Asks: 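Below: one structure in structure tokens.
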Amino acid sequence: MNIDTFKMVIAIVQTGSISGAAQQLGYAQSNISAKVHQLESELKTTIFYRTNRGVVLTPDGKKFYKRAIEIVNLTEDTIHQLQSPTMVAGDLHIGTLQSASESYLPPILVKYHHKFPRVKLAIATGNPLENIHQVLNYELDGAVVGENVDESELESIPLTTEELCLVSASPEIPDLDHTPFLVFSPGCIYREVAEDWLKSLNKTMHHPIEFNYLDGIMASVCAGLGIGIVPKHKAELFAKEKLVYMTELPKEFSSIQLSFIYRKDYVINRPFSEFVNVLQK
């Protein structure tokens with residue numbers, strides 16, 4: 001068993017299949033299958049359940065996967081520090097809300113990249129549920145989310161607040177009983193705010209239409225398809241051109257808390273610790 005064995009298991013888990021790992025690692029699928037059987041035989045346990053949809057970690061497999069992540073991270077960070085003790089290098093995978101990727105994160109990323117150009121940055125946008133799942137599954141080092149995360153396995157760093165408002169194509173107060181709401185998929189904090197606000201008014205969301213990107217919602221509001229709750233900084237860009245009209249929300253629904261989350265058992269390496277330093281400053 002060596003570092004390549006741990007990387008193989010990580011690739012299988014994160015691609016969801018042996019064939020996906022083989023493609024990612026550049027090996028034949030039969031070679032990966034043989035190595036998995038050899039590993040399970042060596043450990044005298046089963047690492048993966050085989051299903052029609054791919055593979056799933058067994059309880060022992062989950063323990064092995066967690067340790068594999070730790071070992072690979074520690075090994076690579078140790079190599080970087082020994083080879084270049086004064087240089088910060090390696091990989092950093094960060095998840096974020098789409099709105100934060102347009103407003104809050106860019107100056108932070110610029111500052112970080114200028115200071116640590118040898119770090120290979122990868123930024124993934126997604127809704128909070130996707131980001132939380134990927135952080136818990138060690139697929140992301142950390143993520144910016146727009147809610148207070150109630151997960152015992154996660155650490156959370158408060159960042160800033162984001163102001164929200166209701167947008168519509170007409171200056172009149174929208175008819176909440178009959179106007180379609182333009183929303184992200186379930187799990188998005190903006191959708192949750194909209195649902196909670198309507199609930200406080202004893203109303204339900206009328207004909208929600210789901211989008212997977214913020215610009216799609218804004219363009220459709222401009223066209224008169226419906227209304228939506230969006231970040232105020234985004235709405236102001238369209239309101240200046242009189243493409244949409246903004247309606248203030250009650251105070252308890254007018255802002256959300258942006259936080260940065262990561263696993264409590266995460267093996268802290270130099271790229272990650274320096275990123276957190278930049279975030280907190």
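All of these numbers come straight from a predicted model, not from anything done at the bench. The analysis underlying the following values was restricted to heavy atoms, covering all of them including side chains, and did not include hydrogens, waters or symmetry mates.
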Asks: Over all heavy atoms of both residues, which pair between Leu249 and Ser254 is shortest? Give the atoms and the distance, please.
Replies: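 It is O-CB, 3.9 Å.
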Asks: Atom CG in Asp265, atom NZ in Lys66: separation rounded to 0.5 Å?
Replies: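 Between Asp265 CG and Lys66 NZ, I get 4.0 Å after rounding to 0.5 Å.
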Asks: Ignoring hydrogens, what is the shortest heavy-atom contact between Pro128 and Ile189? Give both atom names and the distance.
Replies: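 Looking at all heavy atoms of both residues, the closest pair is CG-N, 4.1 Å.
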Asks: If you take the centroid of each ring, where Trp contributes its six-membered ring, are Phe116 and Phe275 closer together than 6.0 Å?
Replies: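 Here the rings of Phe116 and Phe275 have centres that are no less than 6.0 Å from each other.
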Asks: Check Glu40 with Arg50, please: is the shortest side-chain N to carboxylate O separation under 4.0 Å?
Replies: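 Yes, charged N to carboxylate O under 4.0 Å.
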Asks: For Arg191 and Glu195: C-alpha separation, side-chain torsions, deciding distance, then whether salt bridge (charged side-chain N to carboxylate O under 4.0 Å, His left out) applies.
Replies: CA-CA 6 Å; Arg191 180 171 181 155; Glu195 290 170 341; 3.3 Å; yes
Asks: Measuring only between side-chain heavy atoms, which start at C-beta, is Tyr138 closer than 4.5 Å to Ile10?
Replies: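 They are not in side-chain contact.
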Asks: Looking at OH of Tyr213 and CZ of Phe184, how far apart are the two atoms once the value is rounded to the nearest 0.5 Å?
Replies: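 Rounded to the nearest 0.5 Å, the OH-CZ separation comes out at 10.0 Å.
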Asks: Looking at Lys234 and Glu102, does any basic side-chain N land under 4.0 Å from a carboxylate oxygen?
Replies: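 Yes.
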Asks: Show the numbers, then the answer: is there a salt bridge (charged side-chain N to carboxylate O under 4.0 Å, His left out) between Glu248 and Lys232?
Replies: CA-CA 9 Å; Glu248 295 290 328; Lys232 186 178 286 187; 3.3 Å; yes
Asks: Could you give the distance from SG (Cys188) to CZ (Phe211), rounded to the nearest 0.5 Å?
Replies: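 Rounded to the nearest 0.5 Å, the SG-CZ separation comes out at 13.0 Å.
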Asks: When rounded to the nearest 0.5 angstrom, what distance separates CG in Asp215 from CZ in Phe238?
Replies: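 Reported value, rounded in 0.5 Å steps: 5.5 Å.
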Asks: For the CG atom of Leu140 and the CD1 atom of Ile132, what is their distance to the nearest 0.5 Å?
Replies: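 Taking CG in Leu140 and CD1 in Ile132, the distance rounds to 11.5 Å.
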Asks: To the nearest 0.5 angstrom, please state how far the CH2 atom of Trp197 sits from the CE atom of Met205.
Replies: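 CE of Met205 is found 10.0 Å from CH2 of Trp197.
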Asks: Any side-chain heavy-atom pair from Ile261 and Ile157 closer than 4.5 angstrom?
Replies: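 Of all side-chain heavy-atom pairs linking Ile157 with Ile261, none is under 4.5 Å.
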